[in-house]
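The next block holds one structure in the form of structure tokens; read it before the comments.
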Amino acid sequence: MQKKKTWVAAACVVAGLLGAAASQAGTVTVLTSFPKELTSAYQKAFEAANPGIKIEILNKNTTASVAYVRELPEGQRPDVMWASAPDAFEVLSRNKLLAPAPETINKSAPAKIGNYPLNDPQGMYYGQALAGYGIMWNTRYAKAHKLPDPKEWSDLTKPEYFGHVAISSPSRSGTTQLTVETILQGEGWEKGWGQLLEMMGNAAAVTDRSFAVPDGVNNGQYGVGIVIDFFGLAGKYSGFPVEFVYPSMTAVVPANIALIAGAKNADEAKKFMAFTMSTQGQQLLFDPKISRLPILPYNMLKAPAGYPVPQDVAKRAKVHFDSQLAESRYQVVINLFDQMVTFRLKELQAATKAIHEADKALKAKPNAQGKELLAQARSLAYSPLVGEANVKDTQFLELFKKSRRDVAVAKELTGMEQMWATKAKANYEKAQQLATQARGMAR
């Protein structure tokens, strides 16, 4: 009797395990940083076309998504990675965390957008949509505050934009990291950081999530937002009083999709990937709440009147984005931005305000010594704490790729970041003092 009970109990356990496994069969887990408006549209359309397959959305920012996949063993990972940042896919590919799925590619899509390959040359990830980086602004807000329409990144360094600009932290947003990297590649390391820091001196806020910037511009909380294009276009085509512009110093690169190595339901995952690149899947990108650029030619789709044409944007864009360069210094860029901007925004704002005031005063009443002090203030406030030579040093870059679980590595990186934070604070405070002195000489 006891043996029979034991056998029955064991059978129940096995049945339970089999049932749990069966409940997962046909479910595709998609790891993505994309907003709900996009993911829910694809989930609904795909499930309607494929009744036996369910889509489960796991939403994380891109940086967290990469860490999540790296930490999980094979068999426990999500099935699909879907995000905008090509350098994030480079990281996953380098760590052998992606699997090829060439059968999912839509052969009607071009091989390149501008000079940039649509798909990974190694065949590990594929362009599903296209994205550029630019500036969105609230037209009512701009009119009320008498702000001119911005056209270039350099416009956002001007005094009239002080306190009106918003950006998300690149350590929390893959799309912002791409925007920052695009500026650095377009202008060069030193000049690019100088421009970024001047822009950030005019910032009203550095938000935790990328969605907070377009939401804030749409509702008039912020006047101007530094965003990936679909945030600006979605606001515009959804009826908010906003406009969007691509600066000349931008790039058009693919937003990618990939099969994760060790996926639980690879066959179903491939069907979802193929759907997102199909004509039906591409047409969804024109939904006003999504507003992304498709990979397929417009003669295969029904695009809204006046909608940006990716090839035209790519022709005007001056930056030929290098994803390998971006990946090599990824951690340095986001850590440096946080220490110089995110965690030191108040000091940077104060220095910038003093610089604007001194510049205005000295233009009205020129003074040679005041002009020299102002130049020193600018140099202190708007120079990166890491020089270009450092980011070409392989040993320096490799340190930032090491795991912080290693106590020695964690100690070295923490010490470096604390040094950057202390130096940034001192530089901004000194810049504010020099600018205030310079203003006092305009008499």
Side-chain angles (χ1 to χ4, degrees), residues 62 84-88 90 112-118 127 130-137 149-158 161 165-171 173-203 210 213 224-232 244-255 293 308 310-337 340-341 378 382-392 397:
T62 305
S84 294
D87 45 356
E90 285 287 318
K112 291 184 176 181
I113 176 68
N115 293 318
Y116 199 96
L118 180 65
L130 299 168
Y133 312 99
I135 306 165
M136 68 180 294
W137 68 98
D149 293 348
K151 294 184 175 66
E152 300 288 349
W153 301 119
S154 57
D155 290 337
L156 302 186
T157 68
K158 296 175 181 177
Y161 288 97
V165 180
I167 190 173
S168 54
S169 168
S171 63
S173 165
T175 57
T176 306
Q177 185 272 330
L178 284 172
T179 308
V180 168
E181 182 63 42
T182 296
I183 294 171
L184 294 177
Q185 289 192 20
E187 298 289 359
W189 183 264
E190 304 286 345
K191 186 179 177 182
W193 272 110
Q195 188 175 83
L196 278 165
L197 291 168
E198 283 196 74
M199 290 161 58
M200 295 303 93
N202 282 341
S210 54
V213 175
V224 180
I226 297 170
V227 296
I228 193 168
D229 55 7
F230 67 84
F231 282 142
F244 174 83
V245 67
Y246 295 99
S248 57
M249 201 61 74
T250 192
V252 178
V253 297
L293 304 182
Q311 288 76 10
D312 293 345
V313 178
K315 285 178 184 177
R316 295 193 301 270
K318 291 183 178 179
V319 182
H320 300 303
F321 194 84
D322 185 337
S323 60
Q324 291 186 340
L325 174 62
E327 187 273 328
S328 72
R329 62 193 193 186
Y330 173 85
Q331 204 65 45
V332 176
V333 169
I334 64 174
N335 286 20
L336 192 57
F337 189 97
M340 295 190 72
V341 180
R378 286 184 179 279
Y382 306 138
S383 296
L385 296 176
V386 173
E388 188 168 10
N390 290 102
V391 288
K392 291 182 177 179
L397 295 175

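Only heavy atoms go into these numbers, but all of them, side chains included; no hydrogens, no water, no symmetry mates.
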Taking it one step at a time, do Y116 and V252 satisfy side chain to side chain contact (heavy atoms under 4.5 Å, CB included)? CA-CA 8 Å; Y116 199 96; V252 178; over 6 Å; no
Is there a side chain to side chain contact (heavy atoms under 4.5 Å, CB included) between T62 and T175? Walk through the geometry before answering. CA-CA 8 Å; T62 305; T175 57; over 6 Å; no
Pairwise distance [atom1]([X]) to [atom2]([Y]) - rounded to 0.5 angstrom:
X	Y	atom1	atom2	result
N335	Q331	CG	CD	4.5 Å
I113	Q311	CD1	CD	4.0 Å
Q177	L184	CD	CG	9.5 Å
L130	F230	CG	CZ	12.5 Å

Whether the side chain of [X] engages the backbone of [Y] through a donor-acceptor N/O pair (distance < 3.5 Å, no angle test) should be reported.
X	Y	result
W153	M249	yes
E152	S248	yes
N202	K158	yes
S173	S169	no
Q185	D322	yes

Close side-chain approach of E181 to D87, heavy-atom, < 4.5 Å: no
With a 4.5 Å limit on heavy-atom distance, are the side chains of V224 and M136 in contact? no
Before giving the answer on side chain to side chain contact (heavy atoms under 4.5 Å, CB included), spell out for F337 and V180 the whole-Å C-alpha distance, their side-chain angles and the decisive distance to 0.1 Å. CA-CA 9 Å; F337 189 97; V180 168; 4.2 Å; yes
Smallest separation among heavy atoms of [X] and [Y], with atom names:
X	Y	result
P254	G127	CB-CA, 3.7 Å
V245	W137	CG1-CZ3, 3.7 Å
F321	A326	CZ-CB, 3.7 Å
L178	S84	CD1-O, 3.6 Å
P150	I135	CG-CG2, 3.7 Å
L293	P310	CB-CG, 3.8 Å

Considering only distance and modelled atom types, tabulate donor-acceptor pairs under 3.5 Å from the side chains of residues 193-201, sequence neighbours left out.
none

Please assess K112 against L118 for the test side chain to side chain contact (heavy atoms under 4.5 Å, CB included), listing each intermediate value before the final yes or no. CA-CA 5 Å; K112 291 184 176 181; L118 180 65; over 6 Å; no
Using distance only, find each side-chain donor-acceptor pair of residues 382-392 under 3.5 Å and give its atom names and separation, not counting sequence neighbours.
| from | atom 1 | to | atom 2 | distance (Å) |
| --- | --- | --- | --- | --- |
| Y382 | OH | T352 | OG1 | 3.0 |
| S383 | OG | S379 | O | 2.6 |
| N390 | OD1 | G387 | N | 3.4 |

Determine whether T176 and S210 satisfy the following criterion, side-chain hydrogen bond (donor to acceptor under 3.5 Å, both in side chains), listing intermediate values before the conclusion. CA-CA 7 Å; T176 306; S210 54; 5.8 Å; no
So if I apply the side chain to side chain contact (heavy atoms under 4.5 Å, CB included) rule between Y133 and each of I226, V319, D229, V253, which one comes out positive? V253
